[in-house]
Amino acid sequence: MNHTLITAGTVLPVSSKPISKGAVLIAEGKIRAVGKERELKRKYGGAGAMNLGRGVLLPGLVNAHAHLELGWIKQNIGYFGGFIGWIQQIIKAKRTEVSTQEIQSSVRAGVEALIKSGVTTVGEISSFEGLDKHILKASGLRTVLFSEVVERSNEAWRSLPLEKSELYEERLFPHAPYSCSPSLLRDISEFSRERAIPTAIHLAESREEVRLLRREPNGFETKVFPMIERPITVPESHSSPYRYLENLGFFDGTKSTLVHAVHVSPEELRDIAQRDVGVVLCPRSNFFLKVGEPPVRHIARLKRVGIGTDGLSSNYNLDMLEEMRFLHLISAKRLNQDAAYFTVYAATLGGARALFIEDRTGSIEVGKEADLIFLDTLFPSKDPYHSVISSDRGDVKLVMVRGEIIYSKKQHHKSSA
């Protein structure tokens, strides 16, 4: 078994305290030891060496929610005023002719952008019959691919293969309460529960969604539903999107992840924690679509909380480091000194937990797979968490997934893991 000892100015495990002049031993794609450089060198003197120098070695970033296929759609989006206007433009854009080449070019460009910003895991929403699958399988990224389901999908989702391998797995993604009927949501939850496969959904993203489920006047019924073939009927009033899913039994025995969660209450977040439900924040997308800010002060208490860039239809780029900085800015006024750790946690271990893959990735711990990145900032902070947040794409010098280097700008000793 070939061992490689990676050393860096700071090792940031996330699950434990930072290690100054730290080291990580990897072999066969897994982390075998973590500790001080001098101690691990003494114990594993025969291992191959990868000396990264100053900078921070940390777990690879987890972009827990992305729409890589939608890069092409950005050119079709003009001024929209608010969430409903944006949804209308998305519907119109998806009805235009778009080639397979355009969609796949969007995915390739998205993959490159993710890797260059330190991402090692992506939660991808696939909505064009799997045109993104083979690209992601060949990318080197760890991928959780969610096949998007809407009401007009009929029963086709039942025959999806839902593949799973070391770096790639598929799950179902009922799009949202306003695009899936109550029966479809129940069916997908039951289907996922029977197969022990986690699922996820956009939830509580906008006030219009809240109004729809409360049976109050809303833009979905007056402006969006007239544009689609099969408008959704919610026969009863519900106090909130979360309570609607709860009443449907969506969470019963099914590992679930809620994306956005802008309009959830502190009480609901306590229930979410008790049910062990994941939450993924997309703060820049929320800002872009003018839907509000998530209740970060309460969400930060969750164990299963991650972040994602969403897609280029509702964001400026797919840069995870920029997403982290934005989250830190909106968190700092509520979390004070805890904001930096929360931000890095949500982008790593929290994101892995939100996707229910923390047994494999998200932190630097013995037994986990060697998904690592190295950041070399020109002016590092005294606090390594702040150093990570202040980094940009140019500071990403090394990206490794399962011990394999998929991106490198750093001179180091070559050795196999």
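Along the sequence shown, residues are numbered consecutively beginning with 1.
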Self-check item: Aromatic ring pairing Phe220/Phe83, orientation class (parallel under 30°, perpendicular over 60°, tilted between)
Solution: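 Phe220 and Phe83: perpendicular rings.
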
Is any side-chain heavy atom of [X] less than 4.5 Å from a side-chain heavy atom of [Y]?
X	Y	result
Leu318	Leu312	yes
Glu163	Tyr168	yes
Leu321	Leu61	yes
Val344	Ile389	yes
Val280	Leu258	no

For residues 93-103, which side-chain donor-acceptor pairs fall under 3.5 Å, sequence neighbours excluded?
{"residue": "Arg95", "atom": "NH1", "partner": "Met227", "partner atom": "O", "Å": "3.2"}
{"residue": "Arg95", "atom": "NH2", "partner": "Met227", "partner atom": "O", "Å": "2.0"}
{"residue": "Thr96", "atom": "OG1", "partner": "Ala93", "partner atom": "O", "Å": "2.5"}
{"residue": "Ser99", "atom": "OG", "partner": "Glu102", "partner atom": "N", "Å": "3.0"}
{"residue": "Ser99", "atom": "OG", "partner": "Glu102", "partner atom": "OE1", "Å": "3.4"}
{"residue": "Glu102", "atom": "OE1", "partner": "Ser99", "partner atom": "N", "Å": "3.0"}

Taking atom types as modelled, find out whether [X] and [Y] have a side-chain donor-acceptor pair closer than 3.5 angstrom.
X	Y	value
Asn63	Thr309	yes
Ser126	Lys133	no
Asn2	Glu28	no

Quiz item: More than 12 non-hydrogen atoms from neighbouring residues, nucleotides or ligands closer than 6.0 Å to CZ on Phe288, yes or no?
Solution: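 Buried by this count: over 12 neighbours within 6.0 Å.
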
Self-check item: Arg297 atom CZ, neighbour heavy-atom count above 12 within 6.0 Å
Solution: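 For Arg297, atom CZ is not crowded (no more than 12 foreign heavy atoms under 6.0 Å).
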
Donor-acceptor pairs under 3.5 angstrom involving side-chain atoms of residues 70-81: please list them, not counting sequence neighbours.
{"residue": "Trp72", "atom": "NE1", "partner": "Glu69", "partner atom": "O", "Å": "3.0"}
{"residue": "Lys74", "atom": "NZ", "partner": "Tyr316", "partner atom": "O", "Å": "2.8"}
{"residue": "Gln75", "atom": "NE2", "partner": "Trp72", "partner atom": "O", "Å": "3.3"}

Quiz item: Charged N to carboxylate O under 4.0 angstrom, Glu170 versus Lys164?
Solution: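 No.
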
Quiz item: Pick from Arg360, Arg142, Lys137: which one makes a salt bridge (charged side-chain N to carboxylate O under 4.0 Å, His left out) with Glu169?
Solution: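 Passing option: Arg360.
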
Would [X] and [Y] count as a close aromatic pair, with their ring centres under 6.0 Å?
X	Y	answer
His67	His202	yes
Trp157	Phe191	yes
Phe251	Tyr242	yes

Quiz item: Do the numbers put Arg353 on top of the ring of Phe356, so that NZ or CZ is under 6.0 Å from the six-membered ring centre and no more than 45° off the axis?
Solution: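 Not satisfied by the 6.0 Å and 45° rule.
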
Exercise. Could I get the full list of side chain to side chain donor-acceptor pair (under 3.5 Å) partners for Glu151, not counting sequence neighbours?
Key: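 Testing Glu151 for side chain to side chain donor-acceptor pair (under 3.5 Å), a comparison that skips the adjacent residues, returns Ser181.
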
Self-check item: side-chain contact (heavy atoms from CB on, under 4.5 Å) evaluation trace for Ile357 with Thr361
Solution: CA-CA 7 Å; Ile357 56 171; Thr361 192; 3.8 Å; yes

